[in-house]
2 protein chains.
Amino acid sequence: MAAPSSTSLWPEADEEQCRQVLQILSLIGDKWTILVIGQLRDRTLRFGELHRAVTGISQRMLTRTLRQLERDGLVTRTVHASVPPRVDYTLTELGMTLLDSLTALSRWAIGHRQEIIDHRHRYDTVQPSQARS
Amino acid sequence: MAAPSSTSLWPEADEEQCRQVLQILSLIGDKWTILVIGQLRDRTLRFGELHRAVTGISQRMLTRTLRQLERDGLVTRTVHASVPPRVDYTLTELGMTLLDSLTALSRWAIGHRQEIIDHRHRYDTVQPSQARS
DNA sequence: CAGTATCCGGGCGGATACTG
DNA sequence: CAGTATCCGCCCGGATACTG
């Protein structure tokens, strides 16, 4: 029970815990999820608005991403029976708490991005540059 | 400049910021990275030890994962020129700060995992169950 | 022991065409 | 407008065999 470390990684960090974190990370670690929930963080958007807001995403991928978010309970999907159909997407409470929990990681990402890019570049130029084709 | 929200998601959260977060998330959102750095969080391990510690990982994937972590500057690789070769892997300072920044997300993951699983199950049973093969 | 080389299946994700 | 259906290339990741 004794608090294991002062810098406080997550408690225990045994394999079991790691796998649980991994499960969640896999939900949002794909190519588009973060971009989508980022757009929904403080407003409701329709399908088309999201499509325009997230540059480069295809209809297919936007649909898949939203379906998964809905399935996991992070986003609600509301269909309005109007003549041109209208579907609204909103973050749930759960989705908002996730975004909250991403704050620290986001700061880290923004703060250390350049450092990582630099390190990577150095690594690449120093290596024997085996043709990894 | 005014602080945008009291619950504090990450500041701004425009597409640019989101993409930077995504870049980092992609580094650790894959199948094995979290498990590997989780094992390294408070100790140095050799290749074989890691291989045994992370259940189910193949040699190939462990090597790839470690190479990427090394390339990004999150892990150091130390080769000891001994008769049976020995290679040690350790988290760098940068790697440790990443683990720190993962704390909130880890707590969220552990705390809401069951909730997500339940929601998912409900979604699956209610849906028309279109054969998605 | 600590890798590399090769082969391979499956799934992610893009492009395009079609629909209620 | 908000999707679905289909096709397809690419890369992730597992299995196996080989090496300094």
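Chain letters run A, B, ... following the sequence lines, proteins first, then strands; residues in each count from 1. Below, each value reflects all heavy atoms present in this structure, side chains not excepted, and no hydrogens, waters or symmetry copies.
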Point to revise | Among D/dG14, C/dG13, C/dC1, the one nearest B/R46 by side-chain distance | key: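 Minimum distance to the B/R46 side chain belongs to C/dC1.
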Check your understanding: For B/R64 and D/dC11, is the shortest distance between a side-chain N/O and OP1 or OP2 below 4.0 Å?
Key ->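 B/R64 to D/dC11 OP1/OP2: no side-chain N or O under 4.0 Å.
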Check your understanding: Below 4.0 angstrom from OP1 or OP2 of C/dG3, is there any side-chain N or O of B/R67?
Key ->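 Affirmative; the distance criterion is met.
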Spacing of [atom1] belonging to [X] relative to [atom2] belonging to [Y], to within rounding of 0.5 Å:
{"X": "B/Q39", "Y": "A/D14", "atom1": "CD", "atom2": "CG", "result": "9.0 Å"}
{"X": "A/T33", "Y": "A/L98", "atom1": "OG1", "atom2": "CG", "result": "10.0 Å"}
{"X": "A/L27", "Y": "A/R71", "atom1": "CG", "atom2": "CZ", "result": "9.5 Å"}

Point to revise | Criterion side chain to side chain contact (heavy atoms under 4.5 Å, CB included) against A/Y89, the qualifying member of A/L40, A/L62, A/L45, A/T76 | key: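 That would be A/L40; it is the only one of A/L40, A/L62, A/L45, A/T76 passing the side chain to side chain contact (heavy atoms under 4.5 Å, CB included) with A/Y89.
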**Study point:** Candidate list B/L25, B/T103, B/V21, test side chain to side chain contact (heavy atoms under 4.5 Å, CB included), partner A/L105, passing option
**Key:**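 Between A/L105 and the candidates, side chain to side chain contact (heavy atoms under 4.5 Å, CB included) is satisfied uniquely by B/L25.
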Point to revise | Opposite nucleotide pairing with C/dG20, Watson-Crick or G-U, both atom distances under 3.5 Å | key: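 Check on C/dG20: paired to D/dC1, both distances under 3.5 Å.
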Review point. Watson-Crick or G-U wobble partner for C/dG14, using a 3.5 Å limit on both distances?
Key: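 Looking at the geometry, C/dG14 pairs with D/dC7.
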Review point. Checking salt bridge (charged side-chain N to carboxylate O under 4.0 Å, His left out) against B/D72, which of A/R113, A/R120, A/R122 comes through?
Key: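 Per the salt bridge (charged side-chain N to carboxylate O under 4.0 Å, His left out) rule, the option paired with B/D72 is A/R120, out of A/R113, A/R120, A/R122.
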Point to revise | Sidechain-backbone polar pair: B/T92 side chain, B/L74 backbone, donor-acceptor under 3.5 Å | key: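 At least one qualifying donor-acceptor pair exists.
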What integer distance in Å separates [X]:[atom1] from [N]:[atom2]?
{"X": "A/D30", "N": "D/dC11", "atom1": "CG", "atom2": "P", "result": "18 Å"}
{"X": "A/Y89", "N": "D/dC1", "atom1": "OH", "atom2": "P", "result": "15 Å"}
{"X": "A/E70", "N": "D/dA2", "atom1": "CD", "atom2": "P", "result": "15 Å"}
{"X": "A/F47", "N": "D/dA2", "atom1": "CZ", "atom2": "P", "result": "8 Å"}
{"X": "A/I57", "N": "C/dC12", "atom1": "CD1", "atom2": "P", "result": "14 Å"}
{"X": "A/K31", "N": "D/dC12", "atom1": "NZ", "atom2": "P", "result": "12 Å"}

Name the pairs: protein N/O against N/O of nucleotides 16-20 of chain D, kept only if under 3.5 Å.
none

